[in-house]
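Have a look at the structure below before the remarks.
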Amino acid sequence: MKIATFNINGIKARLPALLDWLDEARPDVALLQELKSVDEGVPHEPFEDRGYRVETHGQKGFNGVAILSRLPLEDVTRGLPGDDADPQARWIEATVTGARPVRVCGLYLPNGNPAPGPKYDYKLAWLARMEARVTELLALEEPVIFAGDYNIIPQPEDAARPEAWTEDALFLPQTRAAWRRLLALGLTDAIRAVQPHRPPAARLRDFTFWDYQAGAWDRDNGIRIDHLLLSPQAADLLEDAQIDKPVRGREKPSDHVPVWIELAA
DNA sequence: ATGTCATGAAAATCATGA
């Protein structure tokens with residue numbers, strides 16, 4: 001089972017690039033973020049023509065997440081539990097069944113800038129709600145995937161220029177501490193789990209986002225903020241994890257690229 | 001620092017979010 005996450009930065013603007021990538025990458029499941037559209041604005045036909053069922057959790061203008069699946073899909077839920085008054089569409093779950101069932105959670109974590117401030121407070125509160133939901137799902141002792149745009153740079157080696165991010169909500173100590181708490185619950189960072197051996201001082205350059213501004217892509221001035229975290233039972237099935245970096249260099253690209261895993265499931 | 005992009009409301013520019 002191949003599961004991908006991709007922040008597309010607008011379903012309307014990105015449809016051609018998204019379909020080109022789907023046709024070549026052929027993931028069984030694609031978790032999309034930043035639809036920037038209501039549910040009714042997401043076309044189904046181009047995906048259904050390719051064998052994908054479409055489940056969306058949209059919002060006008062901003063945010064919005066979706067699950068595309070070529071495998072049987074059930075028990076779809078929308079919204080991150082823990083605050084019924086939160087109107088932001090940033091979380092969707094479903095169970096997909098290949099050789100065995102896998103619970104997939106697609107997430108678009110708040111950016112949090114400027115920090116400090118109310119937006120950063122929302123990011124930290126959202127992370128606390130996510131910890132609670134992760135804890136619930138881990139108790140099932142089943143394969144579970146938490147994939148999406150985390151808006152978290154976990155470590156200095158996840159940025160080309162870490163010194164430029166020290167005051168940023170994506171890299172502040174509290175943000176990184178919340179990331180470490182997630183891992184401490186028992187989750188595995190898929191990209192880091194399968195990377196080839198490198199010397200400790202190596203610049204890893206496994207980036208997933210390059211700003212549109214200031215020639216960031218041309219300079220490879222990127223950050224790694226799109227992640228797939230795996231429950232222990234999912235990590236046991238992990239066969240591969242890759243970043244589709246060349247997608248960033250194509251025509252009319254998103255500022256993020258797809259990241260995917262292959263599971264023996 | 002920003003050399004950008006997408007969206008929506010308002011009305012062919014601007015505010016917002018990233």
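The shown structure was predicted, so the numbers you read here are calculated from the model rather than taken from an experiment. Heavy-atom basis, side chains included; hydrogens, waters and symmetry copies ignored. The chains referred to below are lettered A, B, ... by the order of the sequence lines, with proteins before strands, and numbering in each begins at 1.
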task = Using distance alone, with no hydrogens and no angle criterion, decide if Asp86(A) and Tyr122(A) have a side-chain donor and acceptor under 3.5 Å apart.
result = yes
dG8(B) to dA12(B) separation - C1' atoms, rounded to the nearest Å = 14 Å
ask   = dG8(B) P sits how many Å from Asn9(A) CG, rounded?
value = 12 Å
query = Looking across every strand, which nucleic acid part, if any, lies under 4.0 Å from Gly10(A) by heavy atom: base, sugar-phosphate, or nothing?
reply = sugar-phosphate
message = Please report the distance, rounded to the nearest Å, between CG in Asn7(A) and P in dT7(B).
response = 12 Å
query = At under 4.0 Å between heavy atoms, what does Arg161(A) touch on the DNA or RNA strands: base, sugar-phosphate, or nothing?
reply = nothing
ask   = With a non-hydrogen cut-off below 4.0 angstrom, is Ala214(A) in contact with a base, only sugar-phosphate, or nothing?
value = base
query = Ion pair present between Arg192(A) and Asp206(A), side-chain N to carboxylate O less than 4.0 angstrom?
reply = yes
key: Interatomic distance, Ile8(A) CD1 vs dA6(B) P [rounded to whole Å]   = 12 Å
inquiry  = Between P on dG17(B) and CG on Asp255(A), what's the gap in Å once rounded to a whole number?
reply    = 16 Å
request  = Write down the distance between OH (Tyr122(A)) and C1' (dA18(B)), rounded to a whole number of angstrom.
outcome  = 15 Å
request  = With DNA chain B as reference, determine whether Lys12(A) or Arg90(A) sits nearer its 5' end, using the nearest nucleotide of each.
outcome  = Lys12(A)
Which residue lies more 5' along DNA chain B, comparing Arg219(A) with Lys119(A) via nearest heavy atoms = Arg219(A)
task = Check the distance between dA18(B)'s P and Phe209(A)'s CZ and give it to me in whole angstrom.
result = 11 Å
inquiry  = Please check this pair: side chain of Lys119(A) against backbone of Pro114(A), looking for a donor-acceptor N/O pair closer than 3.5 Å.
reply    = no
task = Would you indicate, yes or no, if dG8(B) has its OP1 or OP2 atom less than 4.0 angstrom from a side-chain nitrogen or oxygen of Lys36(A)?
result = no
query = Can a side chain N or O of Lys252(A) be found less than 4.0 Å away from OP1 or OP2 on dC5(B)?
reply = no
query = Can you check the Phe62(A) CZ to dC5(B) P distance for me, whole Å?
reply = 18 Å
query = Which way is the base of dA12(B) turned, syn or anti, if we draw the line at 90° from 0?
reply = syn
ask   = Roughly how far apart, to the nearest Å, are dA15(B) and dA10(B) at atom C1'?
value = 11 Å
request  = Apply the ring-ring contact (aromatic ring centres under 6.0 Å, His included) test between Tyr150(A) and each candidate in Trp179(A), Phe209(A), Trp126(A), Phe171(A); give the one that qualifies.
outcome  = Trp179(A)
task = For dT7(B) and dA11(B), measure between their C1' atoms and round to the nearest Å.
result = 16 Å
ask   = Are more than 12 heavy atoms from other residues, nucleotides or ligands located less than 6.0 Å from atom CD of Glu163(A)?
value = yes
task = In whole angstrom, give the distance that lies between atom CD of Glu251(A) and atom C1' of dT4(B).
result = 16 Å
ask   = Under 4.0 angstrom, heavy atoms only, what part of the nucleic acid is Tyr108(A) near: base, sugar-phosphate, or nothing?
value = sugar-phosphate
